[in-house]
Amino acid sequence: MKKILLIHGPNLNLLGVRDTKHYGDLTLEKLESLVKEKADEVGIEVICYQSNHEGSLVDFIQEKSLNVNGIIINPGALTHYSYSLYDCLVDTNLPCVEVHLSDVENREDFRKISVTAPACIAKISGKKEQGYLEALELLNADNIN
Ligand code: DQA
């Protein structure tokens with residue numbers, strides 16, 4: 001069975017409570033269930049992980065990437081400055097898709113910069129939970145083996 005990682009960075013544990021205008025009203029648990037449900041339909045197993053700590057995210061990706069076929073990641077604010085996460089994603093040699101719930105291009109200037117997106121095959125933003133389902137389709141279409 002194909003497997004992917006679904007990784008969430010800092011503060012995404014508070015989905016449902018955080019500004020719903022930007023991030024929608026799904027809790028992280030509901031968002032993960034939604035992705036898992038869709039993935040199940042196309043025969044993909046999803047391994048989820050959230051951390052507020054950069055190093056924990058790097059540790060988890062390093063360890064788990066050896067046995068998976070792709071990664072969906074919302075790095076939260078780490079998107080805008082984490083070169084260690086960028087390096088980590090590059091080093092996996094896996095197709096990665098970066099997702100943002102909010103429309104990062106049309107918010108504060110610092111959110112327009114993503115240092116992690118160049119390690120990814122695509123960046124999807126502003127589509128709330130729908131963005132994650134598109135990411136899944138992209139990874140599936142990318143014919144991950
Ligand atoms: C976010 C956008 C980031 O700028 C922000 O720091 C987040 C969430 C999003 O999903 O829209 O925590 O990645």
Side-chain angles (χ1 to χ4, degrees), residues 2-42 44-66 68-142 144:
K2 292 175 185 176
K3 287 186 196 167
I4 63 163
L5 302 181
L6 174 57
I7 307 285
H8 316 278
N11 299 305
L12 292 166
N13 55 315
L14 292 183
L15 287 182
V17 178
R18 288 183 87 183
D19 188 343
T20 54
K21 179 170 74 77
H22 285 304
Y23 303 122
D25 47 22
L26 287 192
T27 60
L28 187 60
E29 203 183 346
K30 290 220 173 95
L31 176 63
E32 289 179 345
S33 300
L34 187 71
V35 177
K36 280 182 175 174
E37 215 172 276
K38 281 281 162 198
D40 207 40
E41 287 170 18
V42 290
I44 296 178
E45 185 187 333
V46 183
I47 300 162
C48 303
Y49 183 70
Q50 188 277 332
S51 178
N52 292 327
H53 306 280
E54 185 175 8
S56 303
L57 291 163
V58 170
D59 284 344
F60 185 85
I61 294 168
Q62 279 186 2
E63 186 192 329
K64 301 290 180 185
S65 62
L66 303 173
V68 301
N69 310 96
I71 300 176
I72 297 174
I73 183 164
N74 181 346
L78 292 172
T79 304
H80 315 302
Y81 62 90
S82 175
Y83 292 103
S84 67
L85 204 48
Y86 165 81
D87 279 346
C88 173
L89 294 175
V90 168
D91 289 347
T92 64
N93 282 312
L94 291 170
C96 304
V97 180
E98 179 168 306
V99 177
H100 299 285
L101 292 153
S102 69
D103 185 5
V104 283
E105 306 300 333
N106 289 299
R107 297 180 64 192
E108 301 94 321
D109 280 350
F110 77 88
R111 294 189 205 273
K112 296 188 172 107
I113 293 163
S114 171
V115 303
T116 45
C120 300
I121 59 168
K123 172 182 151 183
I124 300 168
S125 54
K127 298 185 173 177
K128 304 233 165 57
E129 59 271 11
Q130 194 56 38
Y132 288 84
L133 303 183
E134 279 185 28
L136 187 66
E137 279 168 25
L138 273 179
L139 285 182
N140 202 24
D142 192 49
I144 59 178

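Numbering of ligands and ligand atoms starts at 1, following listing order. Since the structure is predicted, the reported quantities are computational estimates derived from the model, not experimental observations.
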Backbone N/O of Gly9 and side chain of Gln50: donor-acceptor pair under 3.5 Å:
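At least one qualifying donor-acceptor pair exists.
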
Does Thr79 offer a backbone N or O that forms a donor-acceptor pair with the side chain of Ser82 under 3.5 Å?
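Here the side-chain-to-backbone pair does not exist.
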
For [atom], find the nearest protein heavy atom and state the residue, atom name and distance (0.1 Å precision).
atom: atom 12 (O) of ligand 1; answer: Arg18 NH1, 3.0 Å
atom: atom 2 (C) of ligand 1; answer: Val104 CG1, 3.6 Å
atom: atom 1 (C) of ligand 1; answer: His100 ND1, 3.7 Å
atom: atom 8 (C) of ligand 1; answer: Tyr23 CE2, 3.5 Å

What about [X]: any of its N or O atoms under 3.5 Å from an N or O on ligand 1?
X: Leu101; answer: yes
X: His80; answer: yes
X: Ser102; answer: yes
X: Thr79; answer: no
X: Ala77; answer: yes

Counting heavy atoms only, which part of [X] comes closer than 4.0 Å to ligand 1: side chain, backbone, both or neither?
X: Val99; answer: neither
X: Arg111; answer: side chain
X: Lys112; answer: neither
X: Asn11; answer: neither

Would you mind reporting whether [Y] and [X] have side-chain heavy atoms less than 4.5 Å apart?
X: Leu5; Y: Leu94; result: no
X: Leu57; Y: Tyr49; result: yes
X: Thr116; Y: Ile73; result: no
X: Leu89; Y: Tyr86; result: no

Within residues 90-110 or reaching into it, pairs that qualify as ring pair (Phe, Tyr, Trp, His ring centres under 6.0 Å) - sequence neighbours excluded
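Those involving residues 90-110 are His80-Phe110.
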
Closest non-hydrogen atom pair between Val46 and Lys36, with its separation
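Smallest interatomic distance, heavy atoms only, reads O-CE, 3.6 Å.
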
Ile4 and its side chain to side chain contact (heavy atoms under 4.5 Å, CB included) partner, picked from Ile71, Val68, Leu136, Ile47
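Passing option: Leu136.
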
